[in-house]
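Remember, it's 1-based here, ligands and their atoms both numbered in the order they're listed. Remember, it's a predicted structure, so these values are computed and weren't measured experimentally.
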Amino acid sequence: MLSIVVLISGSGSNLRALLEACDNPLFPAKILAVGADNPAAGLAHAEQFGVPTFVVEPGLFDSRENWAEVLLRNLEYHKPDLVVLAGFMKVLPAGFVAALSPNIINLHPSLLPAFPGAHAVRDALSAGADATGATVHIVDAGVDTGPILAQREIAIPTGISESDLHEQIKTIERSLIVEVVSQIAEGKLNLSERSS
Ligand code: GAR
């Protein structure tokens, strides 16, 4: 059984998909805890499933490194096999990533390497792209640059708003992240091999 800690910043719809999947006793992973960088609305999903939560807010620390060290200590307390960034919107310092590598994956709302960063959906629309999608990748020291594990593409309908397109992407993200976690748990995806 693969043990996971999920980190979020927002509404947590992808977290919820993982919580629902892990609620099935036949699913090969379980969520030990959910962490956030703010009192995110999505933490309520964890509470509904009886999963412990923690919040470590960067604003309470004098440096990004000190914040990340306390975040890391919270993760290490739970000793997960895998950390899943599911809508976690803070860039993590290299030391934090190195302490967990390669067992830390991120979900991103574009077909990387296209449109990295915090505004992937807006950037795809501004660029006039006719397709976009979702990517799950291993986190490395860069921003959305790590080895890609899985992607799914969708067409961008003409005239669609940023929020509607993001909702369409989230629909495919939810099944993609559940699928990737299941493949890692079953040994079908080997993170050490993929990161070398
Ligand atoms: C998701 O679309 C995820 O890919 C994105 O935040 C959203 C979170 O939605 N992450 C990033 O943009 C990271 N760069 P959710 O809170 O409903 O799961």
Q.
Ala86 versus ligand 1: do any nitrogen or oxygen atoms come within less than 3.5 Å of each other?
A. no
Q: Measure from the side-chain N and O atoms of Asp123 to the backbone N and O of Phe115, and report whether any donor-acceptor pair falls under 3.5 Å.
A: no
Q: Could you tell me which atoms of ligand 1, counted from 1 in the order shown, lie closer than 4.0 angstrom to a heavy atom of Gly117?
A: 14 (N)
Q. Going by the order shown, which atoms of ligand 1 are within less than 4.0 Å of some heavy atom of Ser11?
A. 15 (P), 16 (O), 17 (O)
Q) Just heavy atoms, cut-off under 4.0 Å: does His166 contact ligand 1 by side chain, backbone, both, or neither? A) side chain
Q: Report yes or no: does Ser195 contribute a side-chain atom to a donor-acceptor pair with the main-chain N or O of Pro102 at less than 3.5 Å?
A: no
Q.
Within the structure, is a non-hydrogen atom of Leu107 found at a distance of less than 4.0 Å from ligand 1?
A. yes
Q: Can you pull out the closest protein heavy atom to atom 13 (C) of ligand 1? Residue, atom name and distance to 0.1 Å, please.
A: Met89 SD, 3.7 Å
Q. Distance-only, no hydrogens or angles: does the His166 side chain make a donor-acceptor pair with backbone N or O of Arg122 under 3.5 Å?
A. no
Q) Taking 4.0 angstrom as the limit, do Glu179 and Lys188 come out as a salt bridge? A) no
Q) Once you round to the nearest 0.5 Å, how far does CG of Asp37 lie from CG of Leu71? A) 8.5 Å
Q. Nearest protein heavy atom to atom 16 (O) of ligand 1, by residue and atom, and its distance?
A. Gly12 N, 2.7 Å
Q. If you measure from atom 12 (O) of ligand 1 to every heavy atom of Pro116, Ala41, Pro109, which option wins on shortest distance?
A. Pro109
(Q) Would you say Asp144 and Asn106 are linked by a side-chain donor-acceptor pair, where the criterion is simply a distance under 3.5 Å? (A) yes
Q: Report, as yes or no, whether the 6.0 Å neighbourhood of atom NZ on Lys170 holds more than 12 heavy atoms from other residues, nucleotides or ligands.
A: yes
Q) Short list, please: which atoms of ligand 1 are under 4.0 Å from a heavy atom of Asn14? A) 1 (C), 9 (O), 15 (P), 18 (O)
Q | ligand 1 to Asp144 polar contact by distance, N or O atoms, under 3.5 Å | A | no
Q: Give the minimum heavy-atom separation between Leu111 and Arg152, together with the two atoms involved.
A: CD2-O, 3.5 Å
Q | Derivation of the side chain to side chain contact (heavy atoms under 4.5 Å, CB included) call for Leu72 and Leu100 | A | CA-CA 9 Å; Leu72 184 61; Leu100 298 167; 4.0 Å; yes
Q) For atom 17 (O) of ligand 1, which candidate among Gly10, Ala17, Ser13, Ser9 holds the nearest heavy atom? A) Ser13
Q: Identify, for atom 8 (C) of ligand 1, the protein heavy atom at the shortest distance, and state residue, atom and that distance.
A: Gly87 CA, 3.5 Å
Q. Which option out of Lys170, Arg16, Glu173 puts a heavy atom nearest to atom 4 (O) of ligand 1?
A. Glu173
Q.
Checking a contact table here: which protein heavy atom is nearest atom 14 (N) of ligand 1, and how many Å away?
A. His108 ND1, 3.3 Å
